Structure formats: structure tokens, C-alpha cells
Q: 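Provided herewith is a single structure, encoded as C-alpha cells, for subsequent inquiry.
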Amino acid sequence: MSAQHELVWFRNDLRTIDNPALYHACQSTQPVIAIYIATPQQWHQHDDAAVKLDFWHRNLVQLEKELAELNIELHFFQHDNYQQIPDLIATICQQWAVNQVHVNAELAVNESQRDANVIERCQDIGVAYQEHHDQLLLPPASIRTKTGTPYKVFTAFSTQARQRLATPPSLYPVPNPCKKISDNATKRLSGQCQFADIHWPTVSKKIQTFWPAGQQQALTRLTEFCQQPIQHYKTDRDTPSLAGTSRLSPYLASGILSAAQCWHATLHCEMSDGVHIWQNELLWREFYKHTLIDFPQVSKHKPLKLQTEQIEWRHDKEQLAAWQNGKTGIPIVDAAMRQLLTRGWMHNRLRMIVAMFLTKHLLIDWRLGERWFMQHLIDGDLSANNGGWQWCASTGSDSVPYFRIFNPVTQSQRFDPKGAFIRHYLPELAHLSDKDIHLPSAKNRPENYPSPIVDLKRGRLRALSAFKGV
DNA sequence: TATCTGTTGAA
DNA sequence: TCAACAGAT
């Protein structure tokens with residue numbers, strides 16, 4: 001076999017637009033081949049949700065078609081975990097005469113360790129390995145305080161990040177079609193499988209309709225969001241009964257869309273508070289991704305404020321189960337948890353409310369909530385999910401002060417004043433008045449709805465004293 | 001991106 | 001009676 005190939009290894013970057021690894025591979029005059037490696041056991045260990053795996057599945061179908069138009073075949077492999085991957089890549093490189101491997105970096109420790117092992121193996125066999133950063137707006141370790149340390153406060157981080165973003169990151173266009181692969185150039189390898197051989201979970205049609213696959217769908221959402229809703233984002237983003245948020249997080253988390261594409265889209269908007277606040281959301285995401293790189297303990301179930309390890313979390317399986325299944329007796333919490341279970345997604349305001357309720361009023365370890373979210377979210381992303389939970393639990397670097405505890409009923413009255421959201425997810429309460437629906441009294445509570453599992457006032461005081469001790 | 005409590009002063 | 005506010009957590 002004389003012809004050489006360029007190899008693109010797709011992971012969390014299932015798109016052809018603004019994909020630096022794909023773009024650079026296609027700059028070569030050699031034919032390009034693409035691979036995707038399914039690792040079901042690893043997914044299970046990382047608590048990847050069924051809805052997210054199904055979303056990957058559906059997006060891979062789209063990606064395969066889009067790559068075919070570029071004369072690139074997408075080959076599938078399946079292995080239990082990451083340990084076998086360096087050998088697999090080496091075999092592919094040798095048997096398919098690979099010149100260079102192109103990837104977009106993954107940031108968590110398991111993945112960077114896996115990639116470090118792959119790099120070593122590539123060096124052994126003399127194959128070049130090119131890594132790009134598509135998940136970040138700004139390069140790792142590029143945002144630093146005057147003394148050279150990573151930022152631990154969001155506002156300071158975002159000020160410097162915005163200064164850097166005055167020169168926005170460049171976007172990579174879809175590459176031109178590559179040179180075709182000669183027939184029989186890539187023979188079947190061990191571990192290689194048909195797409196249909198990979199065991200993907202099944203989820204409801206309703207969820208699939210709610211989260212359509214493909215980068216074109218993502219781009220349509222982004223464009224439509226930037227045409228109108230972004231201008232009302234300042235107020236509408238906090239109302240869970242409205243579609244006031246971008247709902248792009250699943251596409252960002254799986255790399256169907258890049259953060260750079262989102263940032264560029266905002267530059268074409270008429271500048272307003274709404275645009276600025278949405279940019280800030282992109283910067284929160286950026287902040288948490290940099291935190292993941294700069295403080296690797298985040299990937300290892302450790303809090304950023306190590307002294308919070310001393311907090312005596314309550315081990316109450318029944319209350320945890322009540323929270324997980326939306327049976328706490330606090331309507332806004334239950335409605336939110338049922339949105340998570342039926343949609344695979346939860347509105348951001350509600351994520352803060354339910355996380356605060358679990359970690360403060362119930363005083364249950366934030367890691368149990370973090371895990372439940374990962375197991376059920378279509379947009380589950382280690383850095384954003386961990387960052388959000390540590391923010392709510394007051395264990396993170398720029399998290400909410402421990403004494404600033406959301407009262408879920410007050411939040412409900414403020415952000416769902418007519419109970420529209422609660423009524424939708426808790427039909428058993430739909431008949432209650434706007435006043436009663438936020439916390440039904442014993443008198444008007446229906447039989448099939450539980451009484452509150454915790455007294456909010458007592459729960460709050462209990463959390464205050466538990467945190468005050470450390 | 002907070003809530004609770006107590007105080008003040010207008011009605 | 002209650003809005004507005006300060007101070008504490």
C-alpha cells in the first residue's frame with residue numbers, strides 16, 4: 001500500500017463547520033479517513049445519560065452523511081474503555097498508512113491521560129499527532145492574574161477574557177472535498193464494527209423531537225435565537241415557562257456547535273443588555289472549562305474549597321430519592337425535577353433552585369446531585385455541571401456565599417408567578433390558585449401530592465450552622 | 001446570581 | 001398595615 005492517509009478522530013466535536021482538526025487534516029493532499037470509537041463501559045463510569053448517548057447516536061448519523069460529501073468515510077470502533085485505545089490507534093495508523101492523527105482536545109483528566117498515552121504510542125511508531133482546542137474561546141492557561149495564577153473570581157476572569165476576545169477566535173470553514181480513497185485501501189480491522197452494531201440506548205420520540213440532531217439544526221437555533229429572543233434575554237431567561245433561553249447547551253456539550261460560532265453570532269447582533277448577558281453565559285462556560293484544566297481535582301470528585309470536605313452532609317436515601325423523583329412536596333422543585341426526567345434538560349434558573357434545595361435545605365452532598373444530573377441531562381458536561389453544583393453548594397472558587405440561600409417558594413413566586421410552569425409538570429396541582437400553587441396548605445393539598453419533606457425555615461438554619469462550622 | 005428580621009415612617 | 005431599608009447570615 002503506497003498511498004498515505006490523514007486520520008481524524010472524532011470525539012466531542014461532531015461537526016464539519018469550525019472543526020480545526022478536520023480542517024487541518026483536509027489541508028493535506030492525502031485522502032482523509034475519520035474514526036469514532038464507542039466506549040460503552042467508560043460512558044457508564046462517567047454517568048453519561050441515555051438521552052445524551054442517543055443524541056450522540058443521532059448526530060453521528062448526520063455527521064457520517066456530511067463527511068461523505070467531503071469524500072471522507074467515517075469508521076466505527078467499539079471498545080470497553082480507554083486502555084485499549086493507544087493500541088487501536090497504532091494499529092489503524094500502521095495498517096492504513098496514516099501520516100498524521102488530528103484531534104480536538106478533550107479537557108477532563110481521564111481523556112487527557114488517554115490522549116497522552118496515544119501521543120506516546122504515535123511517537124513510538126513515528127506518526128505525527130496534532131491536537132487543537134475547539135472547546136475553548138481562549139487557549140488553556142492564557143487567562144492569568146498579574147501574579148500568573150488562574151482566576152478564581154468570575155468577574156475578574158471575564159474582564160480579561162473580554163479584552164482578549166476583542167480579537168475574536170477565527171472560525172474554520174467547511175473544508176473542500178478531499179481526495180477520494182482508492183478502493184480496498186482500508187481493510188477491516190479488529191474492533192471495527194458497523195454503526196448498527198454499537199449498542200445505543202433508546203429514548204422517547206418526544207425527546208428526540210425536542211432535541212433534533214445535526215449541526216444545521218443547531219445553527220438554525222443559534223440564528224433564530226440571535227434574531228429575537230437574545231434581545232429579551234435579560235428578563236426572559238429567568239422565566240422557566242418561557243422559551244427565553246437559547247437551549248443550545250446540548251449542541252455545545254457534544255460539539256455539534258462550537259463556542260466560537262456562538263461568540264461570532266453575538267458580534268452580528270445589535271448590542272444590548274441581553275446580548276451582553278448571554279455572552280456572559282458563554283464566559284461562565286469558559287470559566288468552568290479553564291477551572292477544570294487549572295484545578296484537576298474538579299475531575300476527581302473534590303471540591304475547590306478543600307475545607308468544605310469537613311461539612312457533615314446528611315445521608316438520607318429517602319430524601320435523596322424524593323428529590324430525584326420530584327416528590328419533595330415543594331412544587332417548583334418537583335416540577336423542575338420532572339422536567340429533567342421527561343425532557344433530559346432543565347431550565348437554568350431551576351437548576352440553581354433544585355441544587356440549592358438539595359445541598360442547603362436537605363444538606364445532602366452536592367456530588368450526589370451532580371451525579372444525578374449527569375445521568376439524566378442531554379447537555380451533561382463535566383466542567384459546567386461540576387461548576388454549577390459547586391457554585392450552588394458554596395464549595396467552589398467563586399461560588400455563592402453559603403448564607404445566600406434561595407428560598408424555593410420565594411423563587412417560585414418571583415419567576416413562575418402564575419404557576420404556569422408548575423401546572424405543566426404537576427397536573428395534580430393545576431387546579432390550585434396562583435397564590436396556593438407555590439406551597440399548597442394541608443387543607444388544599446391533593447391526596448396524590450406529598451407534604452413538604454423538610455421545613456424550609458429549619459432546613460435553612462441547619463445549613464447555616466453546618467457551614468458556619470467550617 | 002438571597003433571605004430573614006427588625007426598625008422606621010407614611011397612610 | 002405595609003413598603004422601604006439596614007444589618008446579619
Side-chain angles (χ1 to χ4, degrees), chain A residues 151-159 161-162 230 232-242 244-246 249 272-291 303-305 307-308 310-312 328 330-333 336 346-363 366 369-370 373 383-417 421 435 438-439 452 454-470:
Chain A
Y151 279 104
K152 286 187 167 179
V153 175
F154 172 74
T155 44
F157 173 90
S158 69
T159 302
R162 279 181 185 278
I230 198 171
H232 307 285
Y233 190 68
K234 187 180 181 183
T235 52
D236 287 2
R237 81 198 145 111
D238 275 324
T239 309
S241 60
L242 296 178
T245 62
S246 71
S249 54
S272 64
D273 285 353
V275 176
H276 187 88
I277 293 168
W278 195 64
Q279 284 179 337
N280 260 1
E281 297 302 322
L282 292 172
L283 293 177
W284 271 104
R285 177 183 176 281
E286 187 78 7
F287 180 55
Y288 288 142
K289 288 209 175 281
H290 284 259
T291 301
L304 268 165
K305 281 183 189 158
Q307 69 272 29
T308 62
Q310 289 167 35
I311 290 168
E312 290 184 33
T328 68
I330 307 293
I332 194 70
V333 173
M346 193 192 292
H347 187 280
N348 187 53
R349 165 63 49 182
L350 302 173
R351 295 189 197 200
M352 292 192 278
I353 295 173
V354 303
M356 192 83 72
F357 178 76
L358 183 77
T359 58
K360 303 293 166 67
H361 293 95
L362 296 181
L363 201 62
W366 57 274
E370 180 196 17
F373 267 32
S383 56
N385 191 47
N386 180 279
W389 273 93
Q390 294 218 47
W391 186 88
C392 290
S394 308
T395 63
S397 53
D398 188 25
S399 48
V400 64
Y402 74 88
F403 48 79
R404 194 178 290 175
I405 298 172
F406 289 21
N407 180 321
V409 175
T410 309
Q411 292 277 313
S412 181
Q413 288 160 342
R414 187 179 306 161
F415 298 115
D416 191 28
F421 180 83
K435 185 168 170 286
H438 304 287
L439 190 66
V454 65
D455 179 87
L456 292 176
K457 190 174 173 179
R458 272 190 233 157
R460 176 176 176 271
L461 292 173
R462 181 173 62 191
L464 287 173
S465 62
F467 274 81
K468 208 174 179 179
V470 302

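A note on names: the letters A, B, ... follow the listed sequences, proteins ahead of strands, and every chain is numbered from 1. A quick note: this is a predicted structure, and the numbers were derived from the prediction, not measured.
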Q: First and last nucleotide of DNA chain B in contact with chain A, 5' to 3', at under 4.0 Å to a heavy atom: what are they?
A: B:dT1 to B:dT5
Q: Can you confirm whether more than 12 heavy atoms, excluding those of A:Gln307, are under 6.0 Å from its CD atom?
A: yes
Q: Kindly indicate whether the side chain of A:Tyr402, heavy atoms from C-beta on, has any atom under 4.5 Å from the side chain of A:Leu464.
A: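 Sidechains of A:Leu464 and A:Tyr402: in contact.
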Q: Do any N or O atoms from the side chain of A:Thr159 and from the backbone of A:Thr155 form a donor-acceptor pair under 3.5 angstrom?
A: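 A pair under 3.5 Å: yes.
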Q: Using the ring of each side chain (for Trp, its six-membered ring), is A:Tyr288 parallel, tilted or perpendicular to A:Trp284, with breaks at 30° and 60°?
A: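 Answer is tilted, since the angle falls between 30° and 60°.
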Q: With sugar-phosphate meaning primed atoms plus P, OP1 and OP2, does A:Arg351 contact a base, only sugar-phosphate, or nothing at under 4.0 Å between heavy atoms?
A: nothing
Q: Does any part of the side chain of A:Met356, heavy atoms only, come nearer than 4.5 Å to the side chain of A:Gln411, both counted from C-beta?
A: no
Q: For the residue pair A:Asn386 and A:Glu370, establish whether any side-chain heavy-atom pair is separated by less than 4.5 Å.
A: yes
Q: Base, sugar-phosphate, or nothing for A:Asn280, non-hydrogen atoms under 4.0 angstrom?
A: nothing
Q: If you pin A:Phe415 and A:Asn407 to their nearest nucleotides in DNA chain B, which one's is more 5'?
A: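 Counting from the 5' end, the first nearest nucleotide belongs to A:Phe415.
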Q: Indicate, with a heavy-atom threshold strictly under 4.0 Å, whether A:Arg349 touches base, sugar-phosphate, or nothing.
A: sugar-phosphate
